[in-house]
Peer 1: 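I have a structure here, written as structure tokens, and I will follow up with some questions on it.
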Amino acid sequence: MPELPEVETIRVGLEPHVVGRTFSHVEIDDPRLTRPHDPMETAAELIGETVAALERRGKYLVVRFESGRVLLIHLRMTGSLLLLRNDAPDDPYRRAVINLDNGSDVGYRDVRRFGTWLLLEPGELEPYLASRVGDEVLDRRLSARALQATLERRRAPIKAVLLDQRMFAGVGNIYADEALWWARIHPLRQASTLDRAELQSLLRGVRKSLGHGIARQGATLRDYRGADGRVGSMQREFRVYGRAGEPCTRCGTPIEKTRAGGRGTWYCPGCQL
DNA sequence: CTTTTTCCCTGGACGC
DNA sequence: TGCGTCCAGGGAAAAA
């Protein structure tokens with residue numbers, strides 16, 4: 001569910017409530033959440049830690065503690081972090097609760113239980129992320145030139161490559177389709193065949209679609225909520241995702257659905273070449 | 001090494 | 001109403 005814009009929206013919403021706060025109690029109910037570590041043990045280790053910063057890397061939330069340790073959270077498909085009001089009703093999908101020293105609580109909800117919490121010791125974060133997450137696409141550190149060098153050897157469809165987090169950190173299935181539409185590139189084009197101009201346009205498309213997503217507080221298809229419990233509105237502005245049969249807003253051709261990288265993929269056969 | 005498939009979970013939508 | 005099938009925003013691991 002949550003791709004970069006959704007994770008960033010949660011980060012921004014949570015940040016002012018948790019930075020400077022100490023975890024006074026932590027309860028984890030899902031035995032899979034901290035796999036391969038024992039959830040009881042992780043919960044006990046977290047008590048007493050004080051949050052120094054809340055950051056994001058790709059789709060990961062990075063909770064930095066003053067001790068130098070880090071709680072690395074990945075929401076996967078249906079995870080969400082919610083500020084719990086005093087009158088918050090019971091939730092069968094609430095897998096963990098963090099009590100803060102100012103009396104407020106943060107709940108972790110995850111229907112499908114794919115999400116993970118990993119407690120890292122000082123110095124362990126960078127090596128862990130290095131093999132999984134590439135440079136931040138929005139930071140402009142990624143250039144078309146550097147991209148071309150990497151993509152030259154890849155024969156997979158560009159859509160599949162867009163989902164590779166080592167290349168485009170934070171891009172998921174929805175925003176990949178939207179980015180390709182903005183760039184007017186067909187999702188099944190072999191990555192190695194894209195020329196410099198197309199890669200430049202793809203980078204712009206990726207930044208545009210992610211930027212729109214952030215500005216709209218993410219997209220809510222079913223489960224996604226911001227930290228305040230509110231839904232996003234980006235789903236109302238999709239150009240191709242989930243719109244099979246509807247006319248392209250640019251050229252009027254009906255949107256089609258195919259499969260790439262093992263995921264449903266929507267595109268306009270009229271203007272994506 | 002790259003690419004594809006399978007799997008981890010649960011629930012909703014749809015066909016019969 | 002009930003049952004079976006397929007699909008879903010994620011990525012790790014296994015298989016090819």
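In the text below, chain A, chain B and the rest are named by the order of the sequence lines, each starting its count at 1. Bear in mind that the values here come from a model prediction, so they are computed numbers and not experimental data.
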Peer 1: Using the P atom as the reference point in each nucleotide, state the distance between B:dC9 and C:dC3 in Å, no decimals.
Peer 2: 24 Å

Peer 1: Can you pull the salt bridge (charged side-chain N to carboxylate O under 4.0 Å, His left out) pairs that have at least one residue in residues 244-270 of chain A, sequence neighbours excluded?
Peer 2: A:Arg243-A:Glu246

Peer 1: So, does A:Tyr60 get its side chain near the phosphate of C:dG11, meaning an N or O under 4.0 Å from OP1 or OP2?
Peer 2: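 No, outside the criterion.
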
Peer 1: Taking side chain to side chain contact (heavy atoms under 4.5 Å, CB included) as the test, write out the residues that go with A:Asp139, two or more places apart.
Peer 2: A:Glu136, A:Arg141

Peer 1: Verify the contact: side-chain N or O of A:Gln165 to OP1 or OP2 of C:dG10, cut-off strictly under 4.0 Å; return yes or no.
Peer 2: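 No, no such contact exists.
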
Peer 1: Please report the interatomic distance CD(A:Glu45) to CG(A:Leu71), rounded to the nearest 0.5 Å.
Peer 2: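 Taking CD in A:Glu45 and CG in A:Leu71, the distance rounds to 12.0 Å.
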
Peer 1: Pairs under 3.5 angstrom, nitrogen or oxygen only, protein versus nucleotides 3-7 of chain B, please.
Peer 2:
residue: B:dT3; atom: OP1; partner: A:Arg155; partner atom: N; Å: 2.5
residue: B:dT3; atom: OP1; partner: A:Ala156; partner atom: N; Å: 3.0
residue: B:dT3; atom: OP2; partner: A:Arg154; partner atom: NE; Å: 2.9
residue: B:dT3; atom: OP2; partner: A:Arg154; partner atom: NH2; Å: 3.2

Peer 1: Can a donor-acceptor pair be found, under 3.5 Å and without considering hydrogens, that links the side chain of A:Arg35 to the backbone of A:Thr116?
Peer 2: no

Peer 1: Considering the options A:Lys208, A:Gln200, A:Arg207, which one meets the side-chain contact (heavy atoms from CB on, under 4.5 Å) requirement together with A:Arg204?
Peer 2: A:Gln200

Peer 1: What dot-bracket string describes DNA chain B from 5' to 3', counting Watson-Crick and G-U wobble pairs whose defining distances are under 3.5 Å, with [ ] for crossing pairs and | for pairs to another strand?
Peer 2: .|||||||.|||||||

Peer 1: Just the rounded figure in Å: distance from P of C:dC7 to CG of A:Asp223.
Peer 2: 19 Å

Peer 1: Once you round it to whole Å, what is the distance between P of C:dG11 and NE2 of A:His74?
Peer 2: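 Atom-to-atom, A:His74 to C:dG11, this comes out as 4 Å.
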
Peer 1: Sort and list the pairs that fulfil ring-ring contact (aromatic ring centres under 6.0 Å, His included) and have at least one residue in residues 228-267 of chain A, not counting sequence neighbours.
Peer 2: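 For residues 228-267 of chain A, and leaving out neighbouring residues, the ring-ring contact (aromatic ring centres under 6.0 Å, His included) pairs sorted by first residue read A:His186-A:Tyr267, A:Phe238-A:Tyr241, A:Tyr241-A:Trp266.
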
Peer 1: Distance check needed: C:dG11 P versus A:Leu129 CG, whole Å only.
Peer 2: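 Interatomic distance, CG of A:Leu129 to P of C:dG11: 12 Å.
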
Peer 1: Figure out the CD/C1' separation between A:Gln217 and C:dG9, and round it to whole Å.
Peer 2: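 For the pair A:Gln217 CD and C:dG9 C1', the rounded distance is 18 Å.
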
Peer 1: Just checking, any donor-acceptor pair under 3.5 angstrom between side chains of A:Gln165 and A:Tyr60?
Peer 2: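 Side-chain D/A pair, A:Gln165 to A:Tyr60: absent.
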
Peer 1: Should A:Lys159 and A:Asp177 count as an ion pair when the cut-off is N to O under 4.0 Å?
Peer 2: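 Looking at A:Asp177 together with A:Lys159, the answer is yes, because their closest N to O distance falls below 4.0 Å.
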
Peer 1: Testing the 3.5 Å rule here: is there a donor-acceptor pair between the side chains of A:Ser80 and A:Arg225?
Peer 2: no

Peer 1: Measure CD/A:Glu6 against C1'/C:dA8 and give the value in whole Å, please.
Peer 2: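 The answer, rounded to whole Å, is 14 Å.
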
Peer 1: Is there a side-chain hydrogen bond (donor to acceptor under 3.5 Å, both in side chains) between A:Thr78 and A:Arg112 once you walk through the steps?
Peer 2: CA-CA 6 Å; A:Thr78 53; A:Arg112 289 172 71 181; 5.6 Å; no

Peer 1: How many Å lie between CH2 on A:Trp266 and C1' on C:dG9, as a whole number?
Peer 2: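 Answer to the nearest Å: 10 Å.
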
Peer 1: Rounded to whole Å, how long is the line connecting atom CG of A:Leu163 with atom P of C:dA8?
Peer 2: 13 Å

Peer 1: Give a yes or no on whether a salt bridge exists between A:Arg154 and A:Asp164, defined as a side-chain N under 4.0 angstrom from a carboxylate O.
Peer 2: yes

Peer 1: Expressed in angstrom and rounded to an integer, what is the separation of A:Leu4 atom CG from C:dG9 atom C1'?
Peer 2: 13 Å

Peer 1: Which of these nucleotides, C:dG11, C:dG9, C:dA12, is closest to any side-chain atom of A:Arg132?
Peer 2: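 Selected nucleotide: C:dA12.
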
Peer 1: Can you see if the side chain of A:Lys257 gets near the phosphate of C:dC7 - specifically, an N or O under 4.0 Å from OP1 or OP2?
Peer 2: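 No.
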
Peer 1: Quick test of your reading of the model: are A:Arg32 and A:Asp30 salt-bridged, counting only N-O distances below 4.0 Å?
Peer 2: no

Peer 1: When the P atoms of B:dG11 and C:dA12 are compared, how many Å lie between them, rounded to an integer?
Peer 2: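 Here C:dA12 and B:dG11 have their P atoms 25 Å from each other.
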
Peer 1: How does protein contact run along nucleotides 8-15 of chain B, one letter per nucleotide 5' to 3', with B for base contact, S for sugar-phosphate only, - for none, heavy atoms under 4.0 Å?
Peer 2: BBBSS---

